Amino acid sequence: MAGATDSSWEEKSTLSDSSGKASATTPLLSRASSANIDVPTHSDEFSNLPPEDAKILREQVSIPPVKTHIFSVFRYATPYDRMLVGLAFVLAIMEGAVKALVPLVFGAITETFTNYFREGNSTYYEYNNSTIYDLTFYNSTSYNSTYNIDGFEYISPDDFQRRVNYFALFFVYLGIADFVLSYSATFLFIDRGEVLSSRIKENYLAAILRQNIGYFDKLGSGEITTRISSDTILIQEGMSEKLGYITENVSTLVAAFVVGFSLSYKLTLIMMSIAIFIGVAFIYTSGRMTRYFTLALNGSSAGGSVAEEVLSSIRNVHAFQMQDRLAEKYSVYLDISEHWALRAGIAVGAVTGIMWLGVYSDDALGFWQGAHLLARNEITVGQIITVLGAMVEGTFAITNITPHIRSITTGMAAANKIFTTIDRASAIDAYSTTGRKLENLKGDIELRHVRFIYPSRPTVTVLPDYSLKIPAGKTVALVGASGSGKSTIAGLLERFYAPLAGQVLVDGVDITDLNVKWLRQQIALVSQEPTLFGCSIFENVAHGLIGTKHENASETEKRELVIEACKQANAMVFIDTLPEGLNTNVGERGFLLSGGQKQRIAIARAIVGNPRILLLDEATSALDTKSEGVVQDALDRASKNRTTIVIAHRLSTIKDADNIVVMRRGEIMEQGTHDELIAKHGEYYELVKAQTIEAAEEKANAERETTYIENDDEMAMDEKAVAMNDLAHVKTTNTLAPIDTRAGVFAGEIEEQARKYTALELIEFMLTLSKEENRLNLLGAIFSTIQGLGYPSLGLFYGRCVQAFQAIPDYDYMLREIDLFAGLFFMLATVELVASICALGIFAYAGQKLVRRIRIGTFKQIMRQDIAFFDRDENSTGALTATLSRDAQAVEGLSGATFGQIMNSIMIVISSIILSLIVAWQLALVCGACVPILIGSGFYRFYVLTKFQEQAKKSHLVSATYACEATSAIKTVVALTRESDIMDHYHSTLDGQVRKSRKQSNVSAFLYGVAQGMIYFIMALAFWFGSQFLRTREYSIFQFFVTFMSVVYGAQSAGIIFSFAPDMGKAFHATANIKALYDLQPQIDMRSNEGNIPQDVQGNIEFRDVHFRYPTRMQVPVLRGLNLSVKKGQYVALVGSSGCGKSTTISLIESFYRPQAGQVLLDGHDISKFSVDAYRSHIALVQQEPILYSGSIRENIQLGALTPVTDEQVIAVCKQANIHDFVMSLPDGYDTLCGSKGTLLSGGQKQRIAIARALIRDPKVLLLDEATSALDNESEKVVQAALDAAAKGRTTIAVAHRLSSIQKADIIYVFEGGVVVEAGDHQVLMAKQGRYYELVKLQALEKNA
């Protein structure tokens, strides 16, 4: 059990966040063999701030603890639910009482046996004065063949048979009662558990959606996914059938004491000492278990956030070969979980061993004291057997509680985490109905002396004293360096955060006095990194109608509004080329669309509801120049008659603004119109100058521009015609190689393959996985065998003790025999204690090692899959994170204490049947023939549950994925006020899941009832059939009881196995899934040793007639015969409209996909022939949307390196990326935390860190996919110079919309429709006055440029 170090470990285990350490940190794990992890504590974070400031910030992040108890999980029960749950409790109590009645019947029959055989030993005996055993259903005077001769009772053989038959019928009645009660109670508990856990899920998601944004800055969405997919299942298990099992056994315990005291209070009191000892040990150990499981859950939840973070950025992980390093990070959290779960398992082993000690000590004490009381004529044989049976039944009840108490304790631990969030009062509550709703909103905005600090970074003041007026209907642009506070203004206006001082006013009213939901419905936000939801384009745009008068309009009317908004946003150009048009699913987070396409849909979503206030946070940063011109016109039109705040780095988008505000470090440096600020030659002028594009000719061609824009619709029709023409020829053309559809069935492979595995294959797989612990498992099995021999030993000792009662009236002989076997009983109790602790302790250790290995192995195997695997809807981040958490947890349900109990039960059955066949084979055969029926019903229940688990998994994945998507895009959700919409959809998903599971629950409960009732029927058969041999003296009492105790109680033990059927079903299905994933071989395998190692890489890249379609969209051609060449050391730029194949080209160079035809070459060699890992080591990627991970800035940069790097190297690349000065201005410097997904940094800051991460690996080929799109002008100039310098000596390929960043490129390739339409340097292409010329002209900043 837990050693002296537990308390010190406990103190170190405060886990509240996955994002690393804060200013006040606590090590979560401290061992010499593993790295320390620091996690934040909120106690001293704000201690350096004034009390009022600290209070405001603390309210936004603090999570007050709540107290939960066993009935807390029923908090959402309706009166109807309470009635059904109450009925289930009553039925479970009645079922428990039925078990306590068995010793009454057993005692009556045993007394009949001993009386009958006592006569066989001596025809006459001195009859003691105590009454013959008398029960309400049996009175000795009712049998005419029973009579006394000189004080001795004689029972004839026929009378003996009649009595046994009479009592055997009571077993039949008890069996029927137990079947009905156990079936009904189990079904009600399972069904209500499913219903109530669904409500907990709903309330948890609702609580998450109402939290203020500051809460999420310190909480990973992976942790939320783990809670909603894994922890709620733990709660369900703790409130469903296992709660019924515990209730039933508690009832048995109480009823057993009632029976015992009613027959012999002396013997019952004496035997109570055992029960009290067990009870005290049980309470102590269960308390330790709860604590340990809580701490283990903390570790696994934090690990879930790491996993979610990694899987949501899988392209970045593959590009930088981070798999092993991120797996190590995940592994550290698994260490924590393993450490505490192991201690919990040992605690279970200890308490189980004490239970066995109690069970056999009961027999020892009962027979020993009972015999002495019998010798003093204070008790009868029947009373001894009944009291002993009742107390053993009670002790067994405690034993049976032990394996299930874990479900209750883990359920309570999980409930505490869930309810802590549910009960948290949000500092800014989106569900609040309080607050004013202005009737005629004009749109006047004013920020008056606003002071602001982010709750997650209390040491950095973002806005020291900010004041700004924005008149209604005007457009105001905010420009300035990254981190100057521009996006913060939008966040304050949306009430994402609360200012420390000052006011934010709308129409002269403080927004804290306005209704939060109403306010957000008046504002439309388009953020820098647009977030779409995993549904159709139509549904995504229609989300912008929430809160408007069109919210409940007909679908036809909504579709008209959506189409108009998409036209305004220039989105219909590409939507019309899609086979399903507006009904096209965009994939999780819109991954099936390019950045520009996503942004256009986000703009359409913003303008479709005709909002009064429009916030554009870099709304066109991801658009190509052609689209930007059209979209900007649309935004200019949309801005009329409404207040618009534009946050922009690309100054061409804001030159027509009514007021341009230049910001630096939270202060306004200057403001005015474009012309006014240019005339001032101040900071704005310098920013504009930095963005001015060198033009080959100064002559403007306005007519050409106008014609180009007007012909846009015509071009769109041409694009659509080309796309449809390509589709028509897919089946007949010979220009494409046979399309590899393997990637298209990845998701189906796992499910299909998982169903094909046999139980033997899965066992073999698990043995292979646990081969390092197989010796330990063998040792555990040996101890389980010793433990399992307890029942046959019980039969031998019990038979001899009962046989000793035949010696009456020779009490001396009887006492000698009883004393001997009572001693042997106590010896057996001691052996069982040691065997149980050793067996379960060993299995717990081996089980936790296995679970940890499965978790880390599954995580690595998921990361190993190629990108096509992650493009599938079924393999969304939420689904994979939920699977990672749930499947390993399910396997854990079949290891440790549960596996030890199952092994023990199997050994009991085998050894009992062998012994009974040796002692009394005829009786053993008849009774043993019933055991397969019992086992068969249990296994069929197991089969039903396995099938049910397959269906449940799909349902849980759908709901978990949906919840994960909503929480990971929380800012977009609350800005759109989608909370109610999300909850309605989530409710319908869960409701369907509950209805589907009801039928399987019914079948499962019925089979459990059959298994329970069969035990009594076997008892009835054993007594009836055995009495035939006893009547003729063919069998002795000893033979009968050895066989009866071995077979019948062995069968009862087999019944206990099937109370674990749900765990076995989950574990079987989870193991099949894990094996299927392990067997899945990716087409592009980074772990494969096959392939050539690139030697002396120069960096020459070539595309030869490359045709490509995404595996998830085989009907849409992306590249249609692409040819381009990049020489060693060249700086090459790829430009063109959104969706033309630029980013796809980058993906093919990274070897994320394989083309269907053609070749991608490096130094003349086909990259598909290279080792993937070795090839990617020469490439670095900076993506359009920068991706950082929880941890420090230093750790994030080091992730880019292939080998360990020094701090000097980190500082050097940060200086190149123009981020060093900013990092050093932070209190913690390079140890500053980035937050989950880098949420604690601005977009520009994140992008510069991502550039530093790319530079630190010193690549031969540098890929820049919009690498400077998030940078302000000041930073871009320096970073672009750094990138230009970094490009020397290496090949650089840049995808760019902002043409100022690529004007010095050696070659510029202009893409259109998946092919190159123009190529050359800037001057050459400008001279051509072709497509590139038009793009440049559309981006010109000054009137005469």
Side-chain angles (χ1 to χ4, degrees), residues 447 463-471 474-489 616-618 620-621 625 628-629 632 635-636 639 644-700 702 1218 1221-1222 1225 1242 1244 1248 1268-1284 1297-1304 1322 1326 1336-1345:
L447 288 90
L463 301 177
D465 185 4
Y466 190 87
S467 296
L468 176 67
K469 286 186 178 181
I470 304 172
K474 299 296 183 181
T475 298
V476 171
L478 307 179
V479 300
S482 295
S484 61
K486 304 184 300 297
S487 296
T488 301
I489 304 298
L616 306 174
D617 189 355
E618 283 291 322
T620 59
S621 65
T625 308
E628 185 190 1
Q632 193 59 49
L635 290 175
D636 290 343
S639 299
T644 306
I645 298 177
V646 183
I647 298 167
H649 289 144
R650 198 184 298 183
L651 303 183
S652 59
T653 63
I654 51 93
K655 61 182 178 180
D656 295 326
D658 297 305
N659 188 27
I660 298 172
V661 179
V662 183
M663 296 174 59
R664 177 184 289 177
R665 295 180 183 175
E667 297 179 352
I668 296 175
M669 307 309 294
E670 59 182 4
Q671 57 181 311
T673 65
H674 173 75
D675 293 335
E676 289 171 355
L677 294 176
I678 288 292
K680 281 185 180 180
H681 282 69
E683 291 209 11
Y684 181 75
Y685 176 81
E686 293 301 323
L687 293 174
V688 170
K689 191 176 177 183
Q691 265 191 26
T692 301
I693 297 176
E694 176 191 352
E697 293 180 19
E698 293 186 1
K699 188 168 116 180
N1218 192 33
D1221 291 341
F1222 165 74
S1225 71
S1242 72
R1248 283 180 281 170
T1268 60
S1269 66
L1271 298 181
D1272 56 89
N1273 303 294
E1274 188 178 313
S1275 298
E1276 184 192 2
K1277 185 177 180 181
V1278 180
V1279 170
Q1280 193 60 52
L1283 289 174
D1284 291 342
H1297 289 145
R1298 198 184 301 182
L1299 304 182
S1300 60
S1301 64
I1302 50 91
Q1303 58 179 317
K1304 295 181 181 177
H1322 177 70
M1326 289 297 290
V1336 171
K1337 284 301 177 184
L1338 284 170
Q1339 235 180 63
L1341 284 173
E1342 296 182 304
K1343 294 177 181 176
N1344 297 320

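Not measured: the values here are computed from a predicted model. Numbering of residues begins at 1 and proceeds along the displayed sequence.
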Item to complete: Take Thr475 and Val646 through the test side chain to side chain contact (heavy atoms under 4.5 Å, CB included) and record every step on the way to the result.
Response: CA-CA 7 Å; Thr475 298; Val646 183; 3.9 Å; yes
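A donor-acceptor pair under 3.5 Å is formed between the side chain of Glu670 and the backbone N or O of Glu683. Of the possible donor and acceptor atoms, none in the side chain of Lys486 sits under 3.5 Å from a partner among the backbone N and O of Ala648.
With sequence neighbours excluded, the residues that form a ring-ring contact (aromatic ring centres under 6.0 Å, His included) with Tyr684 are His674. Asp656 meets the side chain to side chain donor-acceptor pair (under 3.5 Å) test with no other residue; sequence neighbours excluded.
The side-chain heavy atoms of Ile470 and Ile645, taken from C-beta on, include a pair separated by under 4.5 Å. Contact of the Thr644 side chain with the Leu616 side chain is registered, since non-hydrogen atoms from C-beta on lie closer than 4.5 Å.
Within the model, atoms CG of Leu447 and CD1 of Ile489 stand 5.0 Å from one another, a figure rounded to the nearest 0.5 Å. The distance from atom OG1 of Thr488 to atom CE of Met663, rounded to the nearest 0.5 Å, is 7.5 Å. Distance check, rounded to the nearest 0.5 Å: CG of Leu478 to CD of Gln671 gives 10.0 Å. The distance from the CG atom of Asn659 to the CG atom of Leu468 is 7.0 Å, given to the nearest 0.5 Å. Between atom CE of residue Met669 and atom CG of residue Leu677 there is a gap of 12.5 Å, rounded to the nearest 0.5 Å.
The neighbour count for Lys469 NZ, taken as heavy atoms of other residues, nucleotides or ligands under 6.0 Å away, does not exceed 12.
Taking both residues in full, the closest heavy atoms of Ile654 and Ile660 are given as O-CD1, 3.5 Å, listed atom of the first, atom of the second, then distance. Asp617 and Ser487 make their closest contact through OD2-OG, 2.9 Å (heavy atoms, listed as atom of the first residue, atom of the second, distance). Nearest heavy-atom pair across Gly666 and Pro464 is O-CD, 3.5 Å.
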